[in-house]
Amino acid sequence: MSPGDEFIAARKLYGGSINQFTHAFKSFGWNVVWADTDDVESFRRAVSPKTKAIFIESIANPGGSITDIEAVADVAREAGVPLIVDNTLATPYLIRPIDHGADIVVHSLTKFLGGHGNSLGGIIVDAGTFDWSKDGKYPMLSEPRPEYHGLKIQETFGNFSFAIACRVLGLRDLGPALSPFNAFMLLTGIETLPLRMQKHCDNAKAIAEFLSGHKAVAAVNYSGLPSSKYNALARKYAPKGAGAVFTFSLKGGYQAGIDLVANLKLFSHLANVGDTRSLIIHPASTTHSQLDDAQKTAAGAAPDMVRVSIGIEDKEDLIADLDQALGG
Ligand SMILES: Cc1ncc(COP(=O)(O)O)c(C=O)c1O
């Protein structure tokens with residue numbers, strides 16, 4: 001990206017990404033153009049000669065909606081730009097975006113990949129599928145680099161040129177280097193990913209089903225439930241399970257959200273997700289408390305909504321804890 005360039009991003013994204021795209025990237029002269037996650041044509045309409053990439057989440061945080069990766073990949077291919085997928089909530093165990101047309105996949109390692117809530121990190125995966133030399137659109141990769149004596153990154157490194165550029169340009173100049181100890185912790189976590197992820201998903205489905213039938217609960221938004229409008233996409237893209245982060249709303253409204261978090265004994269009150277332990281947050285009274293009710297609802301943090309990240313404890317214990325905290 002150069003100053004004046006654009007990229008298209010799905011509107012349903014982790015809040016930190018929305019902030020970064022809207023505010024921090026502005027000072028680099030990079031402009032985000034928003035598209036509707038549920039309307040592929042809105043991505044097509046957003047394409048302009050300045051578009052450099054399309055960015056989506058496979059399973060969106062916090063709503064848990066599933067993006068039709070293949071349909072958005074078609075738009076990216078037609079536009080001649082790479083599709084970047086944030087696969088944090090799915091992990092490669094549930095969804096492999098490159099198999100569905102993604103060119104670059106990014107994960108926060110802080111969540112399910114590390115898995116234990118003990119290390120910060122991130123990873124960029126270069127599928128090696130994108131031709132950066134087309135149309136002179138990506139000169140950083142296709143043209144000679146003066147600081148490397150005229151070396152052309154794509155010509156030299158071929159199908160891992162983007163990954164190399166991230167290291168020899170981005171990491172060198174901006175410094176987001178992982179500490180060796182965190183790298184050790186994250187690698188140890190990744191070794192048990194399939195075991196943990198399956199248990200996370202099985203627990204989440206059981207808890208979503210329990211909550212759907214509870215008298216204090218107004219609605220459950222979990223794409224693993226047949227009632228979800230994302231269920232067909234979940235079955236296509238994530239057949240092993242629809243992840244473990246989802247939201248639900250309470251008939252008792254705002255105060256019921258505060259009371260539920262206070263009454264739970266086994267769930268931890270935390271803004272993180274993807275920990276072995278079950279986590280809960282009531283965004284309206286915490287992370288989004290500065291907004292008015294209309295703004296909260298628009299941001300996906302309605303006053304009556306709580307978000308859970310289901311851990312790998314025994315599901316009977318989690319259900320019993322939720323039941324007592326919801327008043328039985
Ligand atoms: C989908 C998604 N992407 C990225 C991040 C950022 O992760 P980190 O805290 O490791 O910067 C998060 C954090 O919640 C997330 O949910």
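Both backbone and side-chain heavy atoms feed into the values below; hydrogens, waters and symmetry mates do not. In this chain, numbering begins with 1 at the start of the sequence shown. Both ligands and their constituent atoms are indexed starting at 1 by order of listing.
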Task: Donor-acceptor contact present, side-chain Thr110 to main-chain Gly121, <3.5 Å - done: yes
- [ ] Would you indicate whether the side-chain heavy atoms of Val105 and Ile98 approach each other to under 4.5 Å?
- [x] yes
Task: Asp5 and Lys50 ion-paired at < 4.0 Å - done: no
Task: Flag side-chain contact, heavy atom, 4.5 Å: Asp275 against Lys111 - done: no
Open item on the list: Between Asn263 (side chain only) and Asp259 (backbone N and O only), is there a donor and an acceptor less than 3.5 Å apart?
Closed with: yes
Task: Contact residues of ligand 1, where a non-hydrogen atom lies under 4.0 Å away - done: Tyr14, Glu57, Asn61, Asp86, Thr88, Ser108, Thr110, Lys111, Gly121
Task: Note, Thr188 side chain near Phe184 side chain (heavy atom, < 4.5 Å) - done: yes
